[in-house]
Structure formats: structure tokens, C-alpha cells
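The structure appears right after this line, and notes come after that.
All values reported here derive from a predicted model rather than from experimental measurement.
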Amino acid sequence: MTSLSLYQNRTMKRRIFLQNTGLLAAGVMASKVSFAAAEPEFPVVRVAAAKRHFQSKAVESAIAEFQKNVKNKELGWLFENCFPNTLDTTVTHTEVGGRPDTYVITGDIDAMWLRDSTAQVTPYLPLVKGDKELQALIAGVINHQVKCIRKDPYANAFYGDPNKVGEWKTDMTDMKPGVHERKWEIDSLCYPIRLSHHYWKLTGDVSPFDTSWRDAIAIIIKTFKEQQRKDGPGPYSFRRETTTATDTVPVSGFGYPVKPVGLICSVFRPSDDATIYNFLIPSNFFAVVSLRQAAEILEAVNKDKALADECRALAAEVETALQKHAVVSHPQFGKVYAFEVNGFGSFNIMDDANVPSLLALSYLGAVKPNDPIYANTRKLILSSENPFYFQGTAAKGIGSPHTGMHKIWPIAVVMQGLTSSNEEEIKSCLQILQKCHAGTGFMHESFNMDKPEDFTRSWFAWANTIFGEFLWKIYKEKPHLLA
């Protein structure tokens, strides 16, 4: 992990101050704290302008607009800190061979996840009109992701240095130079397509979609088909010497057996935790959406109808398999989507905090918000029937095996708000997030349901940026909720 930056040190000092005064334990918010004259009500915690990795005039304009029109000063402070956090601290934007190239770390880990890097920059896409530099930065992310996929489609995270040897010395898998971690997750290949499609639709720019991009899509299709496991377990396996069960894979690194029914195996979840049953339902839904998005670009831009048809055929096959195997009956909530299945009839009822998740299916465009099975599923996973839904004295929300019991993820609370049309629910999610940043001015990976100051990862850019996305969406669509 990298050292904490100067601005984070300031946030940590402020948190210690609050803890020492007992104010956090009493639930008193920063907006109500009386500081010494030398410290402003909401102290500067954003990295200084001269030290920011990238500055966007469109993002700065959005921050200024939000703070001018939103009366809640704490929310304005949080928006200024969180929304630009990816640009401020995690991007390295250059040109390689005359094309934009952007490397994006997650924050406190110097590696680029295909998932996180997409999620970190997607909220900026609506702002690229009139900001060509921001558009070029996002095009650079697409170009860099293509290189990663072509290096190893089974890897989830990569280094900026293509020759760097990975730090996981005990991993038993086919590691390559430049690969940080090689955990096979379906969503790792879906997210770059999602970014490509959103970028294309919003900008009309086709420059990222060259033969290298087309070849990356062909590799994705090949990988998905291998992991349908119709002809055996395929080329990928993974084992790690560890005492953490979720960091390694049973049965010689292939996972427990599945029946080849057309679904795609995901040996790991988006949390980077091993699956129990390899047919991870949210990720298969995501694959259906992504394959159809890829087909649209392939046909319109690359003029490759054959590969586009192959994408659509695979999407239809997975969708049919989902209809047959993803829906189970719950004694309280009726027909719901399982989290994982194995094709033999076994299934897992839960949801995880990362995206894709069952909660996020409507956000990803995989189901309609009023789909009755999704509605039932949403009620289930936002209740005690989900073993990783936690309700404490400070907050309630979905957590993850990745961070253990009683830890709620801000990403999951944001996703609950983003997928809701109920103003009371949206307001509740907003209040939880405003209350549980522990005085730091930033979101975190997770926090204790009773003690928000007990959190993991003080520098986690995805959580910050998606919280900014949530605030901006409310500001544009339901500004009265920000009062």
C-alpha cells in the first residue's frame, strides 16, 4: 500500500481530535462542532490544487454550482472532497503512440482494477461536453483497459509498469509481468465494455474503437465461452497459500463443480472474494447487458457483423439460462433472484456490497426497476434475510464477507439510493452517508454499523466518486432532498 497523502493525514488528525473529545461517539456531526478559530467549520481536506493529478474545468464548475445552490454546507463540502477524488489522486494521464493513455489506481493500492477504473471515471462522462481534456482522459482509460485485457483476460488488476512482477508470491496460477492479481471475475471484462458504450453514446467519438479494441472484444467472448465450461473446466485455475478461505479456490483451484447450463462461471466475486457456487447471478446479468452493448459498437463502428452476432447469440444463451436457473422461491418474499447457483439446484441467498450486485441490477440496466422479481429481491436483500445486511445504532445497509460482520459499505448505501424512486428511502441513504464519514470528509470501504469511526480504507476513490455521482443525481433530479 502507498503512504497516506498530506490531505489524508489532515483528515486523520481531525478524526483523532473528534474521537478524543468524544463527539463522534455521541453522534455529533462536524457541522455542529465548534472548532478553534484557526480551524474552519469544514477544514480543507481536499488535496491542494498544485498537487492534483488532473484538473477538469467541467468538474470544478459542477462543484461550484452545487455549493452555490445547495444550502446544506456539509453536503457541499463532501461533494467538493469526494466527487473529484479520482481525478485529484488516482489518475496518471499520458499519451502512448499518439493516443491517450490513462492509468487509474484504486487509491491506497497502486494497481488498476478493470472494474474500479471504470466505476471511478464513469460519473464524469455527463460532464465531458466542453471539456476535451476530460474526454481524452476517459478515452485513455479505455485504451489502457484494452491493453490489460489483451495481456490477460483472467486478471482483475494490473500495474502501470507492464514489466513489474506481482507481489502475490504464493499464488498458483499463470501470472504474467504487469499483472497485480489474477482473480477471475466476470465483471472485470464487463466494465470496460460499459465504459466504452457510455463513452461512445455520450461523445460520438469512435477513436478508441480500433482493431485492438475489436480484438479485445473477441478475447472477452472467448473467455466467457471457456468459462461456460461445456468442454471441461477450462484453462483457468487459482490457488493461494493463505489462512483466509475467501482468498483461495477449492477443488484444485477450479471451484466446486457446476452443471454446464449456459451460465458463465465467475471464480471470484467483485469483492475479490471466492464464490461458493461459480454461477454468480449478478455478474451473469451484467454479461448479458455488456455483450449487447459490445455488439452495438461492433456493428456500427467496426462493421464486424459476424462478431456482433456472436455477442448477441451468447447474450441470448446466458439470458435464457438465467430465466431457468436464477429464480428461486423464498418462503417470505416469493420469487427472487439467487446470488449464486451451481446448475444442480443448489443456490445461495444473500447479496454483496460491491457492484455488480443483485441490488445494482437496475442501475446496470440488467432489469427494469419495476420487474416484480427484482422488487421482491430488493426487499429481501435489504432485510435481515440477507445475512450481510446489518442494522446498528449508527446506520443500516449491506456489507460484505470481504470486511466481516457488522461493517456497512458506503457503495452499497449509495446503490440503494441510486436504485430507489422513493424519496424517503433516498433521503435516508443520504443521511446515513452524511452522518457516517467519521469527520474525515470522505467515504470509506466500510464502517462499523455502531461506530462509523471504525472504518476500513481511508483512501478508496470508487466510494468517493460514486457518492459524488449520487449527490449530483439528486441535485439534478430531486434538489429539495438536499435541503
**Message:** Test side-chain contact (heavy atoms from CB on, under 4.5 Å) on His198 and Gln293; report intermediate values, then the result.
**Reply:** CA-CA 9 Å; His198 281 28; Gln293 290 174 338; 4.3 Å; yes

**Message:** Walk me through whether Phe388 and Asp352 qualify under side-chain contact (heavy atoms from CB on, under 4.5 Å).
**Reply:** CA-CA 7 Å; Phe388 291 95; Asp352 206 344; over 6 Å; no

**Message:** Walk me through whether Gln434 and Asn72 qualify under side-chain contact (heavy atoms from CB on, under 4.5 Å).
**Reply:** CA-CA 11 Å; Gln434 182 178 350; Asn72 187 317; 3.5 Å; yes

**Message:** Quick one, Leu137 with Phe54, criterion side-chain contact (heavy atoms from CB on, under 4.5 Å). Give me CA distance, side-chain angles, the key distance, then yes/no.
**Reply:** CA-CA 9 Å; Leu137 178 132; Phe54 185 90; 3.5 Å; yes

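The closest donor-acceptor contact from the side chain of Asn284 to the backbone of Leu280 lies under 3.5 Å. Side chain of Ser56 to backbone of Val59: a donor-acceptor contact under 3.5 angstrom is found. Panel note: side chain Thr102, backbone Ile138; no donor-acceptor pair is recorded below 3.5 Å. Remark: side-chain polar atoms of Asp88 are not paired, donor with acceptor, to backbone N or O of Val47 under 3.5 angstrom. With Thr275 contributing its side chain and Ser266 its backbone, the two residues share a donor-acceptor pair below 3.5 Å. Between the side chain of Lys435 and the main chain of Ala394, a donor-acceptor pair closer than 3.5 Å is present. Under the 3.5 Å distance criterion, the side-chain polar atoms of Thr419 are matched with a main-chain donor or acceptor of Gln416. Distance alone, capped at 3.5 Å, is enough to place a donor-acceptor pair between the Ser117 side chain and the Leu114 backbone. With hydrogens and angles ignored, the 3.5 Å screen pairs a side-chain donor or acceptor of Gln120 with a backbone N or O of Ile105. Side-chain N or O atoms of Tyr374 include none that pairs as donor or acceptor with a backbone N or O of Val336 at under 3.5 Å.
Side-chain N/O atoms of Ser420 and Asn422 include no donor and acceptor closer than 3.5 Å. Using modelled atom types and a 3.5 Å distance limit, the side chains of Arg457 and Thr106 yield a donor-acceptor pair.
Shown here is Lys427, whose NZ atom has more than 12 heavy atoms of other residues, nucleotides or ligands within 6.0 Å. Atom NZ of Lys473 has 12 or fewer neighbouring heavy atoms from other residues, nucleotides or ligands inside a 6.0 Å radius. Other residues, nucleotides and ligands contribute more than 12 heavy atoms inside 6.0 Å of the CD atom of Gln323.
Comment: Glu423 engages Lys478 in a salt bridge, judged by a side-chain N to carboxylate O separation of less than 4.0 angstrom. Using a cut-off of 4.0 Å between Lys/Arg side-chain N and Asp/Glu carboxylate O, Arg269 and Glu340 are scored as salt-bridged. No salt bridge links Lys183 with Asp272; every basic N to acidic carboxylate O contact stays at or beyond 4.0 Å.
The ring pair (Phe, Tyr, Trp, His ring centres under 6.0 Å) test applied to Phe79 returns Phe66, Phe83, Trp472, not counting sequence neighbours. Residues satisfying the side-chain contact (heavy atoms from CB on, under 4.5 Å) criterion with Glu80, sequence neighbours excluded, are Arg46, Ile63, Gln67. A search for ring pair (Phe, Tyr, Trp, His ring centres under 6.0 Å) contacts involving His406 returns Phe390, not counting sequence neighbours. The salt bridge (Lys or Arg N to Asp or Glu O under 4.0 Å) test applied to Lys476 returns Glu65, not counting sequence neighbours. Applying the ring pair (Phe, Tyr, Trp, His ring centres under 6.0 Å) rule to Phe333 yields the partners His330; only residues at least two apart in sequence or on another chain are considered.
To the nearest 0.5 Å, the span separating OG on Ser362 from CE on Met415 amounts to 8.5 Å. Between the CG atom in Leu481 and the CD1 atom in Ile474 there is a gap of 6.0 Å [rounded to 0.5 Å].
Relative orientation of the Phe467 and Phe470 rings is tilted, given thresholds of 30° and 60° on the angle between their planes. Between Phe455 and His444, the ring planes are parallel. Angles under 30° get that label, and only those over 60° would be called perpendicular.
Each of Asp454, Thr393, Thr403, Ile408 was evaluated against Asn448; a single residue qualifies, Asp454, per the side chain to side chain contact (heavy atoms under 4.5 Å, CB included) test. Under the ring-ring contact (aromatic ring centres under 6.0 Å, His included) rule, His437 has a single partner from Trp77, Phe460, Phe447, which is Trp77. The side chain to side chain contact (heavy atoms under 4.5 Å, CB included) with Ser357 is formed by just one residue from the set Ile281, Asp351, Leu364; it is Asp351. Considering Leu263, Ile186, Ile264, Asn348 in turn, Leu263 is the only one that fulfils the side chain to side chain contact (heavy atoms under 4.5 Å, CB included) rule with Phe279.
Residue pairs meeting the ring pair (Phe, Tyr, Trp, His ring centres under 6.0 Å) criterion with at least one partner in residues 348-372, sequence neighbours excluded, do not occur; the list is empty.
Taking 4.5 Å as the limit, every side-chain heavy atom of Phe339 sits out of range of all side-chain heavy atoms of Ile349.
In plain terms, the two heavy atoms of Ala58 and Leu127 that are nearest each other are CB-O, 3.3 Å.
For Phe158 and Tyr103, the gap between ring centers reaches or exceeds 6.0 Å.
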